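Note sheet for the following structure.
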Amino acid sequence: MTLPRTLLDKLWAAHEIVQREDGTSLLWVDRHLVHEGSHHAFAKLATRDTPVAEPSLTFGVADHYAPTRNRLHIEDATIARMINTLLANTQHHGIECMGLDDPRQGIVHVIGPEQGLTLPGLLINCGDSHTSTHGAFGALAFGIGATEVAHVLATQTIWQSKPNAMRIRIDGTLPTGVTAKDMALHWIALLGNSGAQGHAIEYCGSAIDALSMEARMTLCNMSIEGGARFGMIAPDDTTVNYIEGRPYAPTGDDWALAKQDWQQLVTDAGARFDREVSIDANSLAPTLTWGISPDQAIAVDALIPNPAELDEAKAHSIRSALEYMGLEAGQAIEGTPIDQVFLGSCTNARIEDIRSAACVLRGKRSKVPGLVSPGSTAIKAQAEQEGLDKVFIDAGLEWASSGCSSCVGMNGDTVAAGKRCASTTNRNFRGRQGRGSRTHLMSPMMVAAAALHGKIVDVRSLASSETPS
Amino acid sequence: MKGWTTFTGQAVCLDVNDIDTDQLIPARFMSQPRVEGYADFLLHDMRRNADGTPKPDFILTQHPDATVLLAGKNFGSGSSREAAVYALLDSGIQVVIAESFGDIFASNAINNGVLPAVVNPENWHALRRAVSKSSIDCKVDLDTATLCMGQHTVAFTIDEAWRLKLINGKDDTDLTRDYQSNIDQFRKIRYQQYPWARPAAQN
Ligand code: SF4
C-alpha cells in the first residue's frame, strides 16, 4: 500500500529528475515566463555564450515597464531600453514574446492562464515572486531570482529543496461584499507576513471550491505575502472549464488525456501536512491594510491597533508603520480620507474584478482621481465590449492600457510622497508605489467604494443598488 | 562566484524587522545594468534624504565599511528581485544575520555567495548587545557554522546544501551539466506520458 500523498508530494515527484545526497531536487520546468526584469539573467547567458535549452517552453511578455498611456511612442529612454532589451533577448534566443503591440500582452501572471499556458500538473517558474498565482490551477509554480532564471533558461531545470506542506482550509460561504482578496488579507494578518515561510500552501474547503478561477488566482497570488513561495488549489471542473479552448491549451486526444491525468491531482485522504489552519468564511469581513506590511490588515469595521496596548517589540513596529502611514493609533480605519485609487495588478485586475468595481461605480462620480489598468490587453478589450470603460471614465477615473503600472511604479505610474492610495495591489511596503507613498490594500469593490466617497468605507454599507451580489 | 570558508569583517546592526527587497533596492533603480554597480542603491530611501544626501545618523552612513549586517527578522521578504543581493554585495556586505529571511531572497543570496545566517532569538539579542550602536569585529566560519562577535560565539543554521554551495562557490549550471543524461531521459518519458504538457502548437 502506498502512503497517502499531498498534492505537493505528487507534483514534486512528477517533476523530480534526481535528488542529490544533500536532499536538493533537480526539477523539470514545464513553462518559464520572462519579462523586462529578466535582463540580468539574459546578461548571464550572454557572458557564457550559453543557448536557451528549450525556447519553445519559454514565453516573454512586456509588463513591468509597460507604459499605460501613449505606449507606442515611448518617451522615457530607460523604459524604451528595458522593453527593447526584452524583445532583442527573446528574439535572439527564439523565444516567443508578447510585446506592447501584441493583443495577448498583459501582466505575466494574468496572461499565462489567459493563454492556456498555465495548466494543472505543470511546474511553472518566473522571475517574479507572484508566480504562486499559477498554483490556482494545481500547478507547482514559484518565483525565482535572476541566477535561477538563467539556470532555467540554460537547462530547463531548477534545483530546489522541497518545502514543508501546509493546508489552509476555508469552509463556509463568503458574505456579500467579501472576496478572495479579503480571504488572503485575513489569513496573512492571522499568521503574519512570514507565517508560511518555508511552506507550500494548499488551499481547500467549501469556500475555495465555490471560488471562480479568477478569485482562486487572487488568493494564490497573495501566498508570498504570508511568506509562502507556493500556493495551490487542486484542479476541479471550474479549472477544466476555464482552460478549455484557450490558445495554448491541449486539444483533441491530448485534452482528453489531460483531463484524466488532472483528476489524480488531489491530496489523498489521510495525507499528512506539517501545518494546518482552518478559517470560517462566514466570519470574514471586507479587510484592508492600515500599515506597511500586508499582514498589517484589519476588517474595515475594526480599529487601527494601539501600540500602547502591546508589548514593546510589537509596539515599535506598529508606531513606525503608523508614522509612515500618517494614521492615529486606536482610531477607526473607516472614514480615513484617500487621495487617489488604483485598480490593477496581477492580484485584482481580471474581468471579474473590473466588473465588480464597475458595478459599484456605475452612474456615479468618483471623489478622487484614479487609474484603472486592466490585467491584460484582452481583458481591456473585453471590458470595453461590455461598456465598462465608460463606467470608469464617466466616474472621472482614467482608463489605461495594461501593465504592472502602479503596483510597482517602474513605468512611472507612481503615487506621490504622502499621498494615500486605495489600491487593489498586493504590497503596501514603504515606497512600493513611489517614495513616500501610502498604500491601503483592499478588494476592487472596496477600492470603488473608497473612490465614491473619497474615504475608506465599508462596501457592505452602500445601498444595495451599489453592492454587487 | 568565489567560494569561501571563513570571513572576517566589521558588523553593524540594523535593528529593523521586515526589511523587504523593495526597501533594499527601490524599484526605480532596477533598470541599471549590473556593470555600473548597485552599491549606491542599497537601502536607498532609508539611507538618503529626498535630495540624495546621506542621512548622517543612519548606521551605514556612520560605518560605510561594514561587511556584516545584523538585521531584524524576515529580512529580504517580498519581491524576488536579485538586485537586492547585488546592492548588498556591491556595498561589500557578505553576511546578513537575522532570525528569519524571505525564502527567495535567501536562495538569491546563496547564488551570489552571500550568507543568510539564521540565529535564534536569544543569540540574536546577545549579538545585538555586542554590536551596540557601533561596529564590531566579526568572524564567520562556514565549516563549523558559527560566528563570533566580541565575547560571543554563536551557532547559526543554514541548509546543508547551501552551506556546501557557499564553500564550493560552484555555479549550479555547471553542476547541472553532470546530470544532462538524466535530464534528457526525463524529458523523453515526460512527453511520452504527458503529451499534453507541451504548449499546444499555434497555427
Ligand atoms: S503586477 Fe505587481 S506583483 Fe504582479 S507581476 Fe507586476 S509588479 Fe509583480
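Chain identifiers are assigned alphabetically (A, B, ...) following the order of the sequence lines, protein sequences preceding nucleic acid strands; residue numbering begins at 1 within each chain. Note that the structure is predicted; figures quoted are calculated from it, not measured. Reckoned from all heavy atoms, side chains included, excluding hydrogens, waters and symmetry mates.
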Can you find a heavy atom in the side chain of B:P195 that is under 4.5 Å from one in the side chain of A:L257? yes
Would you check if the distance from the ring center of B:F186 to the ring center of A:H15 is below 6.0 Å? no
Note: A:D30-B:R190 ion pair, threshold 4.0 Å (strictly below): yes
Please classify the contact of A:I144 with chain B as side chain, backbone, both or neither, using a heavy-atom distance under 4.5 Å. backbone
Residues A:S161 and B:D159: closest non-hydrogen pair is OG-OD1, 4.0 Å
Under 4.5 Å from a heavy atom of chain B, the part of A:D261 involved: side chain
Taking B:N108's backbone N and O only, do any of them form a donor-acceptor pair with A:E148's side chain (distance below 3.5 Å, no angle check)? no
Is the shortest side-chain N to carboxylate O distance from B:D174 to A:R48 below 4.0 Å? yes
Checking B:D103 against chain A: side chain, backbone, both or neither under 4.5 Å from a heavy atom? both
Check whether any side-chain N or O of A:R31 sits under 3.5 Å from a backbone N or O of B:A197 as a donor-acceptor pair, and report yes or no. yes
Contact part of B:S107 toward chain A, heavy-atom cut-off under 4.5 Å: side chain, backbone, both or neither? side chain
Is it true that, when you exclude A:H316 itself, more than 12 heavy atoms of the residues, nucleotides or ligands shown sit nearer than 6.0 Å to its NE2? no
Is A:R430 paired with B:D20 through a side-chain N to carboxylate O contact shorter than 4.0 Å? no
A:T157 portion near chain B, given a 4.5 angstrom heavy-atom threshold: side chain
So what's closer than 4.5 Å to chain B heavy atoms on A:V18: side chain, backbone, both or neither? side chain
Chain B heavy atoms under 4.5 Å from A:R432: which part of the residue, side chain, backbone, both or neither? both
Contact part of A:I224 toward chain B, heavy-atom cut-off under 4.5 Å: side chain, backbone, both or neither? side chain
Which atoms of A:T50 are under 4.5 Å from chain B, going by heavy atoms: the side chain, the backbone, both sets, or neither? side chain
Of the backbone (N, CA, C, O) and the side chain (C-beta and beyond), which part of B:R34 lies under 4.5 Å from a heavy atom of chain A, both, or neither? both
When every non-hydrogen atom of B:D22 is compared with those of A:R427, the smallest separation belongs to OD1-CD, 4.3 Å
Answer with yes or no after comparing the ring centroid distance for B:Y179 and A:W159 against a 6.0 Å cut-off, counting only values under it. yes
Side-chain touch A:R435/B:H44, heavy atoms, less than 4.5 angstrom: yes
Min side-chain heavy-atom separation B:I104-A:R229 under 4.5 Å: yes
Look at atom CD of A:E21 and say whether more than 12 heavy atoms of other residues, nucleotides or ligands are closer to it than 6.0 Å. no
A:E54 versus chain B, the contacting section by heavy-atom distance below 4.5 Å: side chain
Between the CG atom in B:N111 and the NE2 atom in A:H151, the distance rounded to the nearest 0.5 Å is 9.0 Å
Less than 4.5 Å apart, any side-chain heavy atom of B:R177 and any of A:T155? yes
Closest-packed option against chain A by number of heavy-atom pairs under 4.5 Å, given B:G78, B:G72, B:A27: B:G78
Nearest heavy-atom contact between B:D18 and A:N193 is OD1-ND2, 3.0 Å
Examine whether an atom of A:F59 lies under 4.5 Å from a heavy atom of chain B, and if so say whether it belongs to the side chain, the backbone or both; otherwise answer neither. side chain
Among A:G434, A:S317, A:G227, A:G198, the residue with the most heavy-atom pairs under 4.5 Å to chain B is A:G198
Residue, of A:H64, A:E225, A:M410, A:H40, that accumulates the most heavy atom pairs under 4.5 Å with chain B: A:H40
Closest non-hydrogen atoms of B:A161 and A:T24, given as atom of the first, atom of the second and distance, are CB-OG1, 3.2 Å
In terms of heavy-atom contacts, does NZ of A:K314 have more than 12 from other residues, nucleotides or ligands at under 6.0 Å? no
If you tally heavy-atom pairs under 4.5 Å against chain B, which of A:S194, A:G412, A:A146, A:G431 wins? A:A146
Could you tell me which of B:P26, B:S77, B:A50, B:P33 has the largest number of non-hydrogen atom pairs under 4.5 Å with chain A? B:A50
Tell me which of these, A:L119, A:D22, A:D254, has more heavy-atom pairs under 4.5 Å with chain B than the rest. A:D254
Evaluate the side-chain proximity of A:L26 to B:I183: yes if any heavy-atom separation is below 4.5 Å, no if none is. yes
Do you know which of A:E16, A:H130, A:Q156 has the most heavy-atom pairs under 4.5 Å to chain B? A:E16
If we define contacts as heavy-atom pairs under 4.5 Å, which of B:D45, B:D172, B:V16, B:N17 has the most with chain A? B:D45
Is chain A contacted by the side chain of B:P199, its backbone, both, or neither, given a heavy-atom distance below 4.5 Å? both
B:K139 atom NZ, over 12 foreign heavy atoms within 6.0 Å: no
Part of A:R246 within contact of chain B (heavy atom distance under 4.5 Å): neither
Between A:T78, A:I17, A:N426, which residue shows the highest count of heavy-atom pairs closer than 4.5 Å to chain B? A:I17
Toward chain B, the part of A:A154 with a non-hydrogen atom under 4.5 Å: both
Taking atom CD of B:E36 as the centre, report whether more than 12 heavy atoms of other residues, nucleotides or ligands fall under 6.0 Å from it. yes
Residue B:Y191 versus chain A: region with a heavy atom under 4.5 Å: side chain
Using heavy-atom distances under 4.5 Å, tell me whether B:F101 contacts chain A through its side chain, its backbone, both, or neither. backbone
Which atoms of B:Q193 come close to chain A, meaning under 4.5 Å heavy atom to heavy atom: side chain ones, backbone ones, both, or neither? backbone
Could you tell me which portion of A:H39 (side chain, backbone, both or neither) has an atom closer than 4.5 angstrom to a non-hydrogen atom of chain B? side chain
Between the CZ atom in B:R187 and the CH2 atom in A:W28, the distance rounded to the nearest 0.5 Å is 5.0 Å
Does any heavy atom of chain B fall under 4.5 Å from the side chain of A:K44, the backbone, both, or neither of them? side chain
A:A249 to B:A200 - nearest heavy-atom pair and separation: O-CB, 3.2 Å
Step through the shown structure and confirm whether more than 12 heavy atoms of other residues, nucleotides or ligands are within 6.0 Å of CG on A:D49. no
Please report the interatomic distance CG(A:L122) to CH2(B:W196), rounded to the nearest 0.5 Å. 5.5 Å
Modelled atom types, side-chain donor and acceptor of A:Q197 and B:N74, under 3.5 Å: yes
Please give me the minimum heavy-atom distance between B:S79 and A:S129, naming the atom from each residue. CA-OG, 3.7 Å
